[in-house]
Asks: 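I have a structure here, written as structure tokens, and I will follow up with some questions on it.
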Amino acid sequence: QVQVVESGGGLVQAGGSLRLSCAASERIFSGHAMAWFRQAPGKAREFVAAIDWSGGSTVSANSVKARFTISRDNAANAVSLQLNSLKPEDTAVYYCAARDSSYARADDGSYNYWGQGTQVTVSS
């Protein structure tokens, strides 16, 4: 039973933009904080950005703070990640996750539901 599904990845040139989307079942999405993580080849999974249930509070990794924006549409059970000014080092599989709390956190261990990931590749 698929509960979290990412989309929107692809190949883009450095300096370009992408918009990732994540759809979750209502049971997973309602009242839950959502986040994006990423994992590059040979590296550990790392936090990208998170948003609380209301959408009023977000937190982002310093490496993406000025370039990526997380947002959510609670009516659509969806969360998005806008990626601007992409760099080759942003190349990774991007994962959407939900946690059983309305408060956003940056540690992946606190997230209970995960998608399969979507590949983002940035060419130089």
Asks: Which pair of heavy atoms, one from R72 and one from I51, lies closest together, and at what distance?
Replies: NH1-O, 3.6 Å
Asks: Keeping R99 on the side-chain end and Y103 on the backbone end, is there a donor-acceptor pair under 3.5 Å?
Replies: yes
Asks: Please check if F47 and V79 belong to a single hydrophobic cluster, counting links between Ile, Leu, Val, Met, Phe, Trp and Tyr side chain heavy atoms closer than 4.5 Å.
Replies: no
Asks: Over all heavy atoms of both residues, which pair between A104 and V59 is shortest? Give the atoms and the distance, please.
Replies: CB-CG1, 4.5 Å
Asks: Please determine whether side chain to side chain contact (heavy atoms under 4.5 Å, CB included) holds for the pair S17 and V12, giving the CA-CA distance in whole Å, both sets of side-chain angles, and the decisive distance to 0.1 Å.
Replies: CA-CA 7 Å; S17 298; V12 63; over 6 Å; no
Asks: How many angstroms lie between atom CD of Q119 and atom OG1 of T91, to the nearest 0.5 angstrom?
Replies: 7.0 Å
Asks: Taking the side chain as everything from C-beta on, heavy atoms only, tell me whether R38 gets closer than 4.5 Å to L20.
Replies: no
Asks: Of the non-hydrogen atoms in S124 and A14, which two are nearest, and what is the gap between them?
Replies: CA-CB, 4.4 Å
Asks: Can you list the residues that meet the side chain to side chain contact (heavy atoms under 4.5 Å, CB included) rule with S21, with sequence neighbours excluded?
Replies: S7, S80
Asks: State, without any angle test, whether S25 and R27 hold a side-chain donor-acceptor pair at a distance under 3.5 Å.
Replies: no
Asks: So, for L81 and A49, which heavy atoms are closest and what is the spacing to 0.1 Å?
Replies: CD1-CB, 4.2 Å
Asks: Taking all heavy atoms of A98 and all of H32, pick out the closest pair and write down the distance.
Replies: CB-CB, 4.4 Å
Asks: Keeping to residues at least two apart or across chains, list the side chain to side chain donor-acceptor pair (under 3.5 Å) pairs with something in residues 57-71.
Replies: R67-D90
Asks: Excluding sequence neighbours, so at least two apart, what forms side chain to side chain contact (heavy atoms under 4.5 Å, CB included) with A40?
Replies: K43, A92
Asks: For the residue pair F29 and W53, what are the closest heavy atoms and their distance?
Replies: O-CZ3, 3.4 Å
Asks: Examine distances only and state if a side-chain atom of E6 and a backbone atom of C96 form a donor-acceptor pair shorter than 3.5 Å.
Replies: yes
Asks: Given Y111, which of Y95, F37, W36 fulfils the ring pair (Phe, Tyr, Trp, His ring centres under 6.0 Å) condition?
Replies: F37
Asks: Output the distance between atom CZ (F68) and atom CG (L83), rounded to the nearest 0.5 Å.
Replies: 4.0 Å
Asks: Do the side chains of L18 and V48 join up, straight or via other hydrophobic residues, at under 4.5 Å, putting them in one cluster?
Replies: yes
Asks: For the CD atom of Q82 and the CD1 atom of I70, what is their distance to the nearest 0.5 Å?
Replies: 12.0 Å
Asks: Scan side-chain atoms only and decide if D52 and S102 contain a donor-acceptor pair under the 3.5 Å cut-off.
Replies: no
